[in-house]
Structure formats: C-alpha cells, structure tokens
2 protein chains.
Amino acid sequence: MDAATGRNHTMRTQAVLRRQILAGELPGGTRLYEVALAERLDVSRTPVREAMARLVEEGLLERGPKGGFAVRAFETADVLDTIELRGVMEGMAARLAAERGADPAALAGAQEVLARLDACFAGDETDFDAYAEANREFHALLARLAGSATLERELERIARLPFGSPSAFLPFRMQAGEFRDILRVGQHEHRMLVEAILRRQGARAEALAREHVRPAQENFRRLFGRGDAPPLSPAMALDPPAAG
Amino acid sequence: MDAATGRNHTMRTQAVLRRQILAGELPGGTRLYEVALAERLDVSRTPVREAMARLVEEGLLERGPKGGFAVRAFETADVLDTIELRGVMEGMAARLAAERGADPAALAGAQEVLARLDACFAGDETDFDAYAEANREFHALLARLAGSATLERELERIARLPFGSPSAFLPFRMQAGEFRDILRVGQHEHRMLVEAILRRQGARAEALAREHVRPAQENFRRLFGRGDAPPLSPAMALDPPAAG
DNA sequence: ATCTTCGTAAATGTATTCATTTTGGGAGGA
DNA sequence: TCCTCCCAAAATGAATACATTTACGAAGAT
C-alpha cells in the first residue's frame with residue numbers, strides 16, 4: 001500500500017489494484033481473494049471488498065456468478081472494439097450537438113481548447129504532455145456539447161477502460177516526427193468537427209468523430225500486434241482516471 | 001423484505017430497492033441512508049451497502065462525492081437519450097455483424113426467434129407476453145452477432161436502465177389494435193435487419209437498427225408527456241433485469 | 001478403476017463494534 | 001444582524017467475530 005493516493009483505505013486499495021491491473025501485473029482472469037489481498041495490503045476485508053466493488057463499476061473487474069471477483073480480460077479485439085465504440089458514441093454526441101444546437105458557452109470553451117492545442121505545435125519541439133491534457137479536455141467538452149447527461153456519463157465510462165481514453169496513446173510517443181504529423185491531422189479533424197457542429201451539419205460531424213478514432217486503432221495494432229493476438233499485458237499503466 | 005427474490009440478504013435488498021426505484025417510489029435525488037434502510041429491511045448495514053454498490057453498477061444509484069448513495073434522476077430527456085443511445089449501439093452491432101460476417105449459429109438462432117415472433121400474431125389475439133420475451137431474445141442475439149464482447153456488455157448495461165430495454169413498452173399495451181400494427185412493423189424491421197446482415201450490407205443494417213428505436217421514443221412521449229417534462233415517477237416497474 | 005459421499009478447509013456473507021468524518025445548529029462575539 | 005467557531009449527533013469507514021456456502025480431496029462402496 002505504497003501509494004499515497006486517496007484519503008482512506010478503500011481509495012488507496014482501489015488505486016493500487018487499478019494500477020496493477022492497467023500495468024498488466026494482474027493478468028486478465030486472475031481471481032482476487034479478499035483475505036489474501038487484505039493481508040498483502042495490510043487492511044481489513046471491508047475496504048478490500050469496497051474497492052473491488054468500485055473497480056467493477058469502472059469495468060476493470062467482474063463478479064463471478066457465485067461471488068468473488070476476477071480481473072477482466074482485455075484482448076486485442078476487445079480494445080479495438082472499445083476504441084470503435086468510443087468513435088460511435090462521440091459520433092452520436094457530435095451529431096446531437098449539431099442537430100440540437102450546442103450550448104454557446106461550451107462551444108466557446110471548445111474554441112479555447114482548440115487554440116491551446118495549436119499552441120502545442122508552436123515551437124520546434126512538440127509539447128506532447130500539454131497536447132494530451134488539452135486533447136482530453138476537448139473530448140470531454142464534445143460529450144457535453146450534446147447536452148445529454150446519459151451520453152456524457154457513458155462516454156466517461158468508456159474513457160476509463162484500457163486504451164479507451166482519447167489520449168491513451170500519447171504517452172507512447174513513437175517516432176516524434178511522424179507522431180507530430182499524426183497529431184496535426186487530428187487537430188485538423190478537431191477544427192472540422194467544431195465547424196460542422198456550428199453549421200448544424202449533423203451527418204458530417206458524426207462521420208468526422210468516427211474517423212477520428214482510426215489512428216488510435218492503428219497505433220494500438222502497431223504497438224501490440226495485429227488482429228487477434230493474445231491478451232495484452234505490457235505496460236498499460238497510462239492515463240489514469242481522474243477520480244476514484 | 002417481502003420479496004423472495006434472491007438467495008441472500010444482499011440480493012433481496014437489491015431487488016427491493018430496484019423495484020422501488022423503477023416503480024418511482026423513490027424519486028430521483030432521494031438519498032439512501034444505510035442505517036435507516038437496514039432497520040426498515042431488518043438486515044445489517046453490510047448487505048445494504050453491498051446491495052447499493054451493485055445498484056450503482058446497474059446505473060440506478062450514484063455515489064455522492066463524500067460517500068453515501070442517491071437515487072439517480074431520470075428525466076424525460078435522459079430516457080429519450082438512453083433509447084437513442086441504444087439505437088446507436090445496436091446500429092454499431094448490426095454494422096459490425098454485416099461487415100465481419102455473423103456467426104452462422106447465432107444467425108440461425110436469430111431466424112428461429114423471428115419465427116417465434118411471427119407466431120405471436122398467428123391467432124386473432126396477439127400474444128404480447130410471448131412477443132416481449134422473444135423480442136428481448138432477438139435484441140440480445142443482435143448484440144452477439146457482432147462478435148464483440150465489449151459491445152455486448154455495454155448494451156446489456158443500457159438495457160437495465162429505465163426504459164432502456166427493447167421490450168420496455170410492451171407491458172403498457174396501449175390500444176391493442178393499433179399496438180399490434182406497431183409490432184408488425186417492428187417485426188418487419190427485424191426481418192430486414194437480418195437480411196441486411198446476411199447480405200453484408202453494413203450501412204443498411206445500421207440505419208435499420210437506428211430507426212427501429214423510434215417507436216419506443218414515440219411511445220415514451222405519448223405516455224409521459226412531450227419534450228422536457230419534469231422527472232417521471234409513475235409506474236416504471238417493468239422489465240426487471242435478468243439477474244442481480 | 002471409478003463414482004459417490006462426506007468432511008474439512010477456504011472463501012464469501014452477515015452482524016456487530018469501534019473509529020473517523022461530516023453535518024448542522026447554537027453560543028458567542030464583531 | 002451576521003459571521004465564526006465549536007460541539008454533538010449522525011452518517012460513513014474500518015475492523016473483527018461469527019455464519020454460511022462453496023470447493024476439493026480423500027475414503028469407501030460398487
């Protein structure tokens with residue numbers, strides 16, 4: 001229980017387990033026993049149970065039919081489909097925003113984030129960290145533009161799944177030069193997306209949002225093998241959720 | 001704790017609370033206190049906590065920022081968006097099934113369910129109950145046709161939200177004659193959907209699945225006021241989830 | 001040899017007690 | 001009057017003891 005994350009035993013346990021799951025230290029299918037975990041983390045069973053229940057809410061664990069918890073298996077195909085689903089849902093958000101007319105304040109916020117994203121390319125060096133943060137903000141704003149609490153909530157949920165976050169691949173960097181170009185294209189799509197929403201072009205906005213996730217899928221394939229490789233385990237400890 | 005549902009205190013508590021939430025007896029925003037509930041249901045705080053945690057997973061409760069649970073508010077707009085979201089996700093499932101080629105066994109199962117749905121119209125009387133059950137099966141199969149565990153899981157989740165189920169409106173019956181006709185149209189859409197998947201027509205399959213949820217939205221508006229009425233409370237006790 | 005049965009150990013379910021945090025109101029002062 | 005501080009009550013967090021269920025293997029019968 002090293003991590004100082006969280007203010008009580010439950011949250012610390014939750015943080016430790018989340019990190020270990022996302023880092024691949026606990027492979028998919030691993031069953032987690034309350035007593036063993038409680039001893040290992042030096043807390044009682046109660047906060048362990050509580051933490052595991054919350055990790056089920058996050059989608060990282062699942063309950064066994066007769067009690068007990070197990071780490072969810074995230075196979076390559078699952079991850080690719082998660083990214084696809086994010087594209088579909090963000091597409092719905094963009095379409096709704098265009099059709100219903102987006103909240104002016106939220107739109108202004110989106111413009112501001114766009115400017116900040118541009119600033120990341122200003123110098124010779126690309127500021128990847130700033131881009132990751134602003135990118136996250138942009139996608140969160142997109143969810144809000146639709147004015148649908150349900151959609152916003154479900155999108156947040158998807159973003160916590162492994163590689164479900166819009167900025168999930170930014171920590172990898174790849175070849176900096178090529179990567180910078182990829183991000184430039186992405187930023188162009190951001191601008192087109194906001195323009196489409198402003199012009200009330202629902203179908204265009206939806207198509208753009210869907211296409212926008214393709215690089216993420218491609219990056220994933222490049223990093224972790226093509227198609228239907230075995231469950232992934234290597235360093236997935238990235239882009240931790242905002243709160244527990 | 002009347003209900004004999006479930007085999008232990010946790011599941012019974014969960015069932016009781018779920019029923020009361022869906023029935024509108026606990027309006028959105030109502031805070032649920034562990035001690036009060038434990039006394040009312042004559043169990044200890046432990047199973048109450050556990051049951052509430054599981055209801056958060058189902059999406060019926062939410063956690064307060066500083067602990068505690070509250071009933072989620074389901075406004076008219078939220079419900080309409082939930083139905084829309086189901087359409088979008090089923091659209092993705094149909095498209096994937098068409099693009100990737102659906103599992104033959106699952107397709108055969110779908111054909112069998114289609115036949116059973118037809119049978120509900122055989123006599124002069126429409127068998128609404130049988131239709132509701134078969135309809136649920138059909139939509140579950142649709143989720144499986146896509147061959148995506150992630151999508152299947154998220155669709156299941158949507159189906160447990162209030163009015164998120166494909167058969168959510170069948171218990172209402174409305175005017176039997178008109179309703180029969182609506183169902184006939186729906187059944188025609190089912191057939192077209194399967195045909196589109198068989199012919200690998202992804203875009204058509206997606207469009208059909210999306211359109212297929214419109215009657216549900218319309219029914220909801222007719223039953224609970226148009227547009228942006230206040231939170232709904234009247235009898236939403238219908239279509240209980242399969243398991244706890 | 002294999003299948004059933006039964007017992008034991010392990011794991012989860014529940015209750016109870018104690019600890020900590022949060023909340024709300026009232027006393028006191030500016 | 002209003003603001004602040006502080007205390008008490010209430011609510012959640014955590015630990016522990018006990019109960020029940022499940023899993024697994026060994027012993028015995030067929």
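A note on names: the letters A, B, ... follow the listed sequences, proteins ahead of strands, and every chain is numbered from 1.
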Taking side chain to side chain donor-acceptor pair (under 3.5 Å) as the definition, give me every residue that meets it alongside B/Gln217, ordered by chain and number, with sequence neighbours left out.
B/Glu84, B/Arg214
Looking only at heavy atoms, which two atoms of B/Phe163 and B/Ala168 are closest? And how far apart?
CA-CB, 3.7 Å
Take the C1' atoms of the five end pairs on each side of the helix from C/dA1-D/dT30 to C/dA30-D/dT1, derive the two axes, and give their angle rounded to 10 degrees.
20°
I'd like to know if the side chain of [X] and the backbone of [Y] have a donor-acceptor N/O pair within less than 3.5 Å.
X: A/Arg157; Y: A/Glu57; result: yes
X: B/Arg116; Y: B/Asn135; result: no
X: A/Asp81; Y: A/Asp78; result: no
X: B/Arg72; Y: B/Gly59; result: yes

Specify whether A/His190 and A/Tyr131 have parallel, tilted or perpendicular ring planes, treating 30° as the upper limit for parallel and 60° as the lower limit for perpendicular.
parallel
Under 3.5 Å, which protein N or O atoms sit close to an N or O of nucleotides 10-16 of chain D? Give each pair with its distance.
from   : atom 1 : to      : atom 2 : distance (Å)
D/dT12 : OP2    : B/Glu34 : N      : 3.3
D/dG13 : OP2    : B/Arg49 : NH1    : 2.8
D/dG13 : OP2    : B/Arg49 : NH2    : 2.6
D/dG13 : N7     : B/Arg45 : NH2    : 3.0
D/dG13 : O6     : B/Arg45 : NH1    : 3.0
D/dA14 : OP1    : A/His9  : N      : 2.5
D/dA14 : OP1    : A/Thr10 : N      : 3.2
D/dA14 : OP2    : A/Thr10 : OG1    : 2.3
D/dA14 : O3'    : A/His9  : ND1    : 3.4
D/dA15 : OP1    : A/His9  : ND1    : 3.3
D/dA15 : OP2    : A/Ser44 : N      : 2.8
D/dA15 : OP2    : A/Ser44 : OG     : 2.7
D/dA15 : N7     : A/Thr46 : OG1    : 2.8

Rounded to the nearest angstrom, tell me the gap between atom CZ in B/Arg7 and atom P in C/dG13.
8 Å
I would like to know whether B/His212 and B/Leu193 meet side chain to side chain contact (heavy atoms under 4.5 Å, CB included); could you show each step before the answer?
CA-CA 10 Å; B/His212 190 56; B/Leu193 192 49; 5.8 Å; no
